[in-house]
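Since the model is a prediction, treat every value here as computed from it, not as a measurement. In what follows, residues are counted from 1 in the order of the sequence shown.
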Amino acid sequence: MHLRFALAAALLFAGCHPVAPPAPDVADPAALLARARAEAAPVPAFAQFSAVLTTPQQSMSLSGTLVVAPPDRFRVELRGPIGPAQVIVTCNGKDVSAFIAPKNTYYRADDADGTLGRLLAGGEGLRGAAVATSLLLGRLPELTTPPTLTAVGPVATAAWTRADGAAFTAGFESRYGHLVDARATDAQGVVLFSGAWEPAASPTALRVKLPTLGASADVRFDAWQAASPADAAFALEPPPGAIVKVLDLSGAPEAQPAR
């Protein structure tokens, strides 16, 4: 009996991982903000991930690759169980493009900052591509004005509110100074974007919702690795024969290219 108990205990403790102590409460949110801002800029990196993508029509389990080159470039590829990428999204800091293989449709917006900034309730002058890149990396983004700061427990919250009532809020935690949640609402209070991150040195999980697009994704990242991506990784041209449309992330009916 004692031998069985010892073996059971050994197996139990062999499967346990060290538990990190709880993050300390935030005593000074301004100091935490300064620490987050002073952190060294992340290097180009990539990670494989698994995701559950949900739309009004269906829910799909996918795998993918994310390549990020701060401050404002990224590439996302989504794949099904077999075969090549079914969805590719790229941003080179100037334009943002997407190719949806099952629909043979290519989307493009020449103003990456404006297109991504509007999705994040950004005003004039917001570097939307850089903000989106920061969010993919779980880092607190740079916005154009100083935020209002509050703190509860181990999380500080930075809030930016435009004159018309549109707002962006971001919660960041005391251990790493990285994001735990973020939310963007338009002038009418409609949620445009929300995200939740598991606090870590690099993102381990991300839950993102885009209500105006009717989409959400639950993402789990594998280990991040340093990368040296070529500029071509962030450029996406329409494949031969693809239907070409203007990329619109407002949730309005799809815009057609100007003639």
Side-chain angles (χ1 to χ4, degrees), residues 20 22-24 26 29 31-53 62-78 89-91 93 96 112 116-117 119-122 126-143 147 149 151-160 168-184 191-210 215-227 229 234:
V26 178
L32 180 59
L33 176 66
R35 176 158 65 87
R37 292 280 187 250
E39 185 178 7
V43 300
F46 77 94
Q48 308 292 336
F49 63 84
S50 60
V52 176
L53 177 65
L62 305 166
S63 62
T65 304
L66 172 62
V67 184
V68 184
D72 57 8
R73 300 187 297 167
F74 58 84
R75 180 186 183 95
V76 183
E77 294 188 2
L78 292 172
V89 181
T90 65
C91 176
V96 56
L116 296 171
L119 184 62
L120 300 169
L126 180 73
R127 297 183 60 202
V131 172
T133 302
S134 293
L135 295 178
L136 288 171
L137 290 170
R139 298 288 191 98
L140 189 67
E142 290 277 4
L143 274 75
L149 296 171
V152 176
V155 177
T157 298
W160 292 265
F168 182 86
T169 61
F172 53 110
E173 47 72 54
S174 60
R175 190 185 307 280
Y176 300 101
H178 292 177
L179 291 173
V180 294
D181 57 61
R183 180 184 176 97
V191 177
L192 304 175
F193 161 88
S194 67
W197 292 256
E198 288 186 1
S202 296
T204 58
L206 168 62
R207 171 72 173 172
V208 60
K209 296 181 180 180
L210 302 171
S216 65
D218 196 346
V219 182
R220 296 279 168 175
F221 293 101
D222 293 339
W224 286 79
Q225 302 179 55
F234 308 107

F221 side, atom CZ; L66 side, atom CG - distance, nearest 0.5 Å: 5.5 Å
May I ask you to decide if S174's main-chain N or O and R35's side chain share a donor-acceptor pair within less than 3.5 Å? yes
Write down the atom of P203, the atom of G138, and the distance for their closest heavy-atom approach. CG-N, 3.9 Å
Under 3.5 Å: donor-acceptor pair, side chain of H178, backbone of A200: yes
Kindly assign one of parallel, tilted or perpendicular to the pair W160 and F168, based on the angle between their ring planes and the thresholds 30° and 60°. tilted
Does the side chain of L140 come within less than 4.5 Å of L33's, by heavy atoms? yes
Side-chain donor/acceptor of D72 to backbone N/O of A129, under 3.5 Å: no
Report the distance from atom OG1 of T204 to atom CZ of R220, rounding to the nearest 0.5 Å. 7.0 Å
Where L119 and L192 come nearest, the two heavy atoms and their spacing: O-CB, 3.3 Å
Please give me the minimum heavy-atom distance between P147 and A158, naming the atom from each residue. CB-CB, 3.8 Å
Can you give me the closest heavy-atom contact between P154 and A23, atom names plus distance? CB-O, 3.8 Å
For R183, give me all partners under side chain to side chain donor-acceptor pair (under 3.5 Å), at least two apart in sequence or on another chain. none
Going through the checks in order, is the side chain to side chain contact (heavy atoms under 4.5 Å, CB included) test met by R207 and S216? CA-CA 8 Å; R207 171 72 173 172; S216 65; 3.9 Å; yes
Within this structure, what is the CZ-CG distance for the pair F46 and D222, rounded to the nearest 0.5 Å? 10.0 Å
Mind checking whether R73 and P229 have side chains closer than 4.5 Å, heavy atoms only? no
Working to the nearest 0.5 Å, report the span between CG of L179 and CD of E173. 9.0 Å
Gap between atom CZ of F172 and atom CG of L149 - 0.5 Å precision: 5.5 Å
Between W197 and R139, is there a donor-acceptor pair closer than 3.5 Å when you use the side chain of the first and the backbone of the second? no
With rounding to the nearest 0.5 angstrom, report the CG to CG distance, L126 to L116. 9.5 Å
Side chain to side chain, P141 and L120, heavy atoms closer than 4.5 Å: no
Shortest non-hydrogen contact from T169 toward A159: CG2-CB, 3.8 Å
What's the shortest heavy-atom distance between W224 and A45, and which atoms? CE3-CB, 3.8 Å
Below 4.5 Å, heavy atoms only, C-beta onward: do F49 and V76 meet side chain to side chain? yes
